[in-house]
Amino acid sequence: MIRIESEAWAAMVAHARETYPNECCGAMLGSQDKGSKTVTAAMRLENAHAGVQRERYELRPQDLLAADREAHSRNLDLVGIYHSHPDCGAYFSETDLKNSCPWYSFVVLSIRGGEFDHANSWLPNAEQTAAEQEELTY
C-alpha cells in the first residue's frame, strides 16, 4: 500500500498538468514501514527522453541519484517514481516494466485533455516480467 499526502499529491498532479501533452516524471520521497509507504514530498525530475516525450519518459541515473541524496538529506527514503500518461489510462506499459526497479512503487497519472483523470500504483517483480497493482490512497 502507498499513501500520498495531500501536498505531495497536489505537486504531482500539477507537474503532470503543466507538462501535458508530454509525459512528466519525478521522485516520491517518504517513509516505509512493514510494506506500507507514505509519500510526503514529490521531487520533479527532467524527462530526458530524446524522442517524442508524449510517448515516453526517461530518467538519467544522476537525477535518480540526486533524488536519493535529497531524500536522505531530509531523513526520508526514495520510495518510488511517478510519471504521467497523456490522453490514455494509468497502466504500466511494457516499457515502464522494462525500465523499472523492483524496490520502488511506480505511480502513473492519467492526464486527459490537460486534466487529471485517474491514477494507479504498480509494483514490478524482481525479474521485471510483471507488475501488480498496489493499493493507492491520496
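Predicted, not measured: the structure shown is a model, and the values here were computed from it.
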Could you check whether any side-chain N or O of [X] sits under 3.5 Å from a backbone N or O of [Y], counting only pairs where one atom can act as donor and the other as acceptor?
X      : Y      : result
His118 : Ala90  : yes
Gln128 : Ser100 : yes
His49  : Gln53  : no
Asp63  : Leu59  : no
Ser84  : Cys24  : yes
Ser110 : Cys88  : yes
Asn120 : Val107 : no

Donor-acceptor side-chain pairing of [X] and [Y] below 3.5 angstrom:
X      : Y      : value
Tyr57  : Asn22  : no
Asn125 : Thr129 : yes
Glu23  : Asn47  : no

Kindly compute the distance separating [atom1] ([X]) from [atom2] ([Y]), expressed to the nearest 0.5 Å.
X      : Y      : atom1 : atom2 : value
His83  : Asp96  : NE2   : CG    : 3.5 Å
Leu123 : Glu134 : CG    : CD    : 4.0 Å
Tyr82  : Arg44  : OH    : CZ    : 6.5 Å
Asp117 : Ile111 : CG    : CD1   : 8.0 Å
Arg56  : Cys25  : CZ    : SG    : 13.0 Å
Leu29  : Thr38  : CG    : OG1   : 13.0 Å

Side-chain heavy atoms of [X] within contact of [Y], under 4.5 Å:
X      : Y      : answer
Asp87  : Arg54  : yes
Ile81  : Leu64  : yes
Tyr104 : Leu78  : yes
Gln133 : Trp122 : yes

Q.
Check the orientation of Tyr138 and Trp9. Use parallel for under 30°, tilted for 30 to 60°, and perpendicular for over 60°.
A. parallel
With clusters defined by side-chain heavy atoms of hydrophobic residues (ILVMFWY) lying less than 4.5 Å apart, directly or transitively, does [Y] cluster with [X]?
X     : Y      : value
Leu76 : Met12  : no
Ile4  : Leu45  : no
Val13 : Phe106 : no

Q: Give me the one residue out of Phe116, Phe92, Tyr91, Tyr20 that meets ring pair (Phe, Tyr, Trp, His ring centres under 6.0 Å) with His85.
A: Tyr91
Q: Using the side chain to side chain contact (heavy atoms under 4.5 Å, CB included) rule, pick out the option among Gln32, Met28, Lys37 that qualifies with Asp77.
A: Gln32
Q. Ion pair present between Glu94 and Lys98, side-chain N to carboxylate O less than 4.0 angstrom?
A. no
Q. What are the two closest heavy atoms between Pro21 and Pro86, and how far apart are they?
A. O-CG, 3.2 Å
